[in-house]
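The block underneath contains the structure these notes are about, expressed in structure tokens.
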Amino acid sequence: MKWSESYSCSYVPYSGKAVCCAVKGTNGKVYTGSRIENISFPLTISAIQAACCICLSDGSIPEIFFIEEHNEPEQLDFWEKEFNAQIRYTDELPLTELPDYRENNDRIKSLEELLEDAVVTESDFPVSCIIKAGENNLYSGVNIEVSEWSKGLCAERIALSKAIISGAHLKTAEMSVCTLKGEFSAPCGACRQVILEHLPFNSIHMFNADGTRSSHLTVDLLPFNFKTSFLNKDSE
């Protein structure tokens with residue numbers, strides 16, 4: 001598959017610079033990642049960051065990076081050193097079709113079962129997330145921590161990355177978040193800003209450690225959120 005065929009998996013309304021990559025894990029699977037920009041630029045998810053975190057959330061370790069020459073993803077140096085991975089510059093993606101991280105009701109783990117897949121060596125605070133984008137279109141995520149804290153991703157952003165990369169229709173999607181520790185299973189501030197861009201008036205269901213549950217609209221979780229018409233946004 002040509003790299004250009006994967007560009008539609010990127011979300012780049014501010015720069016217009018689509019970036020994709022692929023990561024082969026120790027389990028032999030190939031995971032793809034795409035650049036996912038945010039109106040708050042520092043919250044942009046790098047293609048290699050998305051691919052590595054998705055790989056890690058599947059219980060595998062990144063070992064080979066497939067990169068398009070002259071279009072390297074941000075953070076490549078960090079992730080290469082983190083896992084002593086090989087870099088291969090290729091003319092094509094090592095895939096025959098676009099990625100689809102969709103799971104279905106029969107195959108997906110429950111929120112509590114997903115907590116076991118979290119990589120939380122620093123915080124010991126596992127979080128799981130499932131996005132439901134249609135009756136049989138589910139995307140899961142768990143929080144992933146690495147040696148540099150700012151390079152890891154929360155469960156919500158991994159689930160959202162999977163959905164965006166897979167081309168999911170998110171207009172009526174719902175998100176569920178779970179943890180067995182702490183007071184509330186509430187997304188952090190950074191996640192709220194990212195979620196708001198894609199699920200602004202959608203429901204977020206929080207399954208809390210004490211057994212209680214509450215539901216909220218994303219926009220209500222982040223009042224006075226950052227937004228402006230002055231940024232260059234190609235999609236507008």
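For the numbers below, each heavy atom of this structure counts, side chains included, while hydrogens, waters and symmetry mates do not.
Heavy atoms only, all atoms of each residue included: Ile67 and Cys21 are closest at CD1-CB, 3.8 Å. The two residues Tyr101 and Ser166 come nearest to each other via the heavy atoms N-OG, 2.7 Å. Across Leu170 and Leu199, no two heavy atoms sit closer than the pair O-CD2, 3.4 Å. Closest approach of Cys9 and Ile165 over heavy atoms only: SG-O, 3.3 Å. Closest approach of Tyr14 to Glu197, counting heavy atoms only: OH-OE2, 2.6 Å. When all heavy atoms of Met1 and Glu92 are compared, the pair lying nearest together is O-CB, 3.1 Å.
A side-chain donor-acceptor contact under 3.5 Å links Ser60 and Thr26. In the model, His216 has no side-chain atom that pairs as donor or acceptor with a side-chain atom of Thr218 under 3.5 Å.
Side chain of Ser6 to main chain of Cys20: no donor-acceptor pair is present (N/O by atom type, distance under 3.5 Å, no hydrogens or angles).
In this structure, CG on Leu111 lies 7.5 Å from SG on Cys129, to the nearest 0.5 angstrom. Between the CD1 atom of Ile108 and the OG atom of Ser140 there is a distance of 4.5 Å, given to the nearest 0.5 Å.
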Can Arg213 and His205 be said to form a side-chain contact (heavy atoms from CB on, under 4.5 Å), step by step? CA-CA 7 Å; Arg213 170 183 168 179; His205 309 294; 3.7 Å; yes
Would Ser147 and Glu82 count as a side-chain hydrogen bond (donor to acceptor under 3.5 Å, both in side chains) if you check the C-alpha gap in whole Å, the side-chain angles of each, and the deciding distance to 0.1 Å? CA-CA 8 Å; Ser147 64; Glu82 182 80 354; 2.5 Å; yes
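Atom CZ of Phe125 has more than 12 neighbouring heavy atoms from other residues, nucleotides or ligands inside a 6.0 Å radius. Annotation for Asp91: atom CG does not count as buried by contact number, only 12 or fewer foreign heavy atoms lying within 6.0 Å. Glu5 CD: more than 12 foreign heavy atoms inside a 6.0 Å radius. Few gaps surround CZ on Phe226; more than 12 heavy atoms of other groups in view lie less than 6.0 Å from it.
Taking the six-membered ring where the residue is Trp, the centroids of His198 and Tyr11 are separated by under 6.0 Å.
In this structure, Lys151 satisfies the cation-pi test against Phe78, with its NZ or CZ atom closer than 6.0 Å to the six-membered ring centre and inside 45 degrees of the ring normal.
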